[in-house]
Amino acid sequence: MTGVAGKVALVTGCGSAGGIGFATARLLHAAGAKVAITSTTDRIEERLAELGGGAGETFATPADLTDAAQVTALVDGTSAALGPIDILVNNAGMVQVGRDEPSQPLHETSEEGWHYGIDINLTSCFLVTRAVLPGMMERGYGRIVQMSSVTGPLVGIHGSAVYGASKAGMLGMARSLAIEAGPFNVTVNCIGPGWIETASSGEDEIIAGRYTPAGRAGTPDEIGHVAVFLSSEEASYITGQLIVVDGGNTLQEHKVAFDRGQ
């Protein structure tokens, strides 16, 4: 099995040490990939130090992924440091450091709030994908993994209409792109995390995880391992799919706490 060894991967949204993005980057690097990471702030340099690896193995730079010029600079910088990008993990979105966007019903959502939510989740995904895709198609190889959600594609949450719309949009984009890019040996898939305990998780989200069949919230590494597989050469016949990783939560109609004999 060749996996991801020797491939160049770009993972977005890696600013948090306890987040899905950095977990994915760390696992890709451990599996032999050359890994570039980015976030909106300079704390990405701290993640680079934790990721390890010398010149030609890892790379990091901050970027606002809603700005096409900064996206171009990110892709060019990654290619110069590590080589042409073979793997893209679109993880950026949901929250940004320094900005708090409270949950709101749709009828109370401002146009600014709508555009902000769509931009950080969906527009950023579009811009980075558009920047790397021509090179993948030209070289006849690529793996694109989009960090969607169960919220939007499968279920809804009160006050999360903007978030749900953006995450459902990521899946719709992936399915169309899978058809367009398939003839060039480029696969495009989404992961749908459920309740995952990260640094940004609220106590209510952690509690909700206890009501899944698995009886707990998931970990960033459990999402990252799926991302590594979808990024691998072995996942060559999987494209346009949503891989749900939610401890079985969306299977159950009646949410209850399970007696585990403890």
Side-chain angles (χ1 to χ4, degrees), residues 8-29 35-48 51 58-78 85 87-101 113-133 143-149 151-153 160 162-174 177 188-193 196 198-201 220 223-224 226-228 230-231 245:
V8 175
L10 170 60
V11 186
T12 68
C14 290
S16 172
I20 291 171
F22 187 63
T24 300
R26 177 169 42 75
L27 291 168
L28 282 166
H29 187 227
V35 180
I37 56 176
T38 188
S39 71
T40 55
T41 69
D42 289 336
R43 66 177 177 162
I44 198 64
E45 297 297 336
E46 300 173 13
R47 303 290 84 77
L48 178 62
L51 189 61
T58 56
F59 172 76
T61 187
D64 178 354
L65 302 184
T66 66
D67 182 328
Q70 292 190 46
V71 168
T72 298
L74 168 65
V75 172
D76 289 347
T78 298
I85 297 169
I87 298 164
L88 170 62
V89 180
N90 281 311
N91 174 72
M94 193 170 82
V95 294
Q96 286 185 344
V97 172
R99 175 154 180 168
D100 181 26
E101 282 291 315
W114 171 267
H115 288 300
Y116 172 74
I118 296 297
D119 282 349
I120 64 168
N121 287 301
L122 186 57
T123 303
S124 63
C125 175
F126 156 68
L127 290 174
V128 182
T129 301
R130 185 181 65 174
V132 304
L133 187 58
R143 299 285 184 267
I144 299 174
V145 181
Q146 323 233 102
M147 207 59 66
S148 181
S149 178
T151 305
S160 294
V162 180
Y163 177 80
S166 66
K167 292 299 186 178
M170 291 178 76
L171 178 57
M173 181 193 304
L177 185 54
V188 190
N189 291 289
C190 286
I191 297 175
I196 307 300
T198 69
S200 63
S201 296
I223 303 299
V226 178
V228 171
L230 292 175
S231 299
V245 188

To the nearest 0.5 Å, what is the distance between [atom1] on [X] and [atom2] on [Y]?
X      : Y      : atom1 : atom2 : answer
Ile191 : Leu171 : CD1   : CG    : 12.5 Å
Asp64  : Ile120 : CG    : CD1   : 10.5 Å
Ile85  : Leu10  : CD1   : CG    : 5.0 Å
Asn121 : Met147 : CG    : CE    : 12.5 Å
Ile44  : Leu48  : CD1   : CG    : 8.0 Å
Leu65  : Asn91  : CG    : CG    : 10.5 Å

Which heavy atom of [X] sits nearest to which heavy atom of [Y], and what is that distance?
X      : Y      : value
Val71  : Ala131 : CG1-CB, 3.8 Å
Thr61  : Thr38  : O-OG1, 2.7 Å
Cys14  : Ile37  : SG-CG2, 3.7 Å
Ser231 : Val89  : OG-CG2, 4.1 Å
Asp119 : Thr123 : OD1-OG1, 3.0 Å
Glu45  : Ala60  : OE2-O, 3.8 Å

Any donor-acceptor pair under 3.5 Å from [X] side chain to [Y] backbone:
X      : Y      : result
Ser148 : Met170 : no
Ser149 : Gly192 : no
Arg47  : Gly15  : yes
Ser201 : Ile196 : yes

Go through the steps to decide whether Met173 and Leu122 satisfy the test side chain to side chain contact (heavy atoms under 4.5 Å, CB included), and finish with yes or no. CA-CA 9 Å; Met173 181 193 304; Leu122 186 57; 3.5 Å; yes
Please evaluate residues Phe22 and Leu51 with respect to the criterion side chain to side chain contact (heavy atoms under 4.5 Å, CB included), reporting the C-alpha separation (whole Å), side-chain torsions for both, the decisive distance (0.1 Å), and the verdict. CA-CA 9 Å; Phe22 187 63; Leu51 189 61; 4.2 Å; yes
Would you please name every residue forming a side chain to side chain donor-acceptor pair (under 3.5 Å) with Thr129, sequence neighbours left out? Asn90
Taking side chain as C-beta onward, heavy atoms only, is Pro220 less than 4.5 Å from Ile20? yes
Using a 4.5 Å cut-off on heavy atoms from C-beta on, say whether the side chain of Ser166 contacts that of Ile118. yes
Restricting to pairs with a member in residues 17-29, which pass salt bridge (Lys or Arg N to Asp or Glu O under 4.0 Å), not counting sequence neighbours? Arg26-Asp221
Under the side chain to side chain contact (heavy atoms under 4.5 Å, CB included) rule, what do Ile144 and Leu133 come out as? Steps first, then yes or no, please. CA-CA 9 Å; Ile144 299 174; Leu133 187 58; 4.1 Å; yes
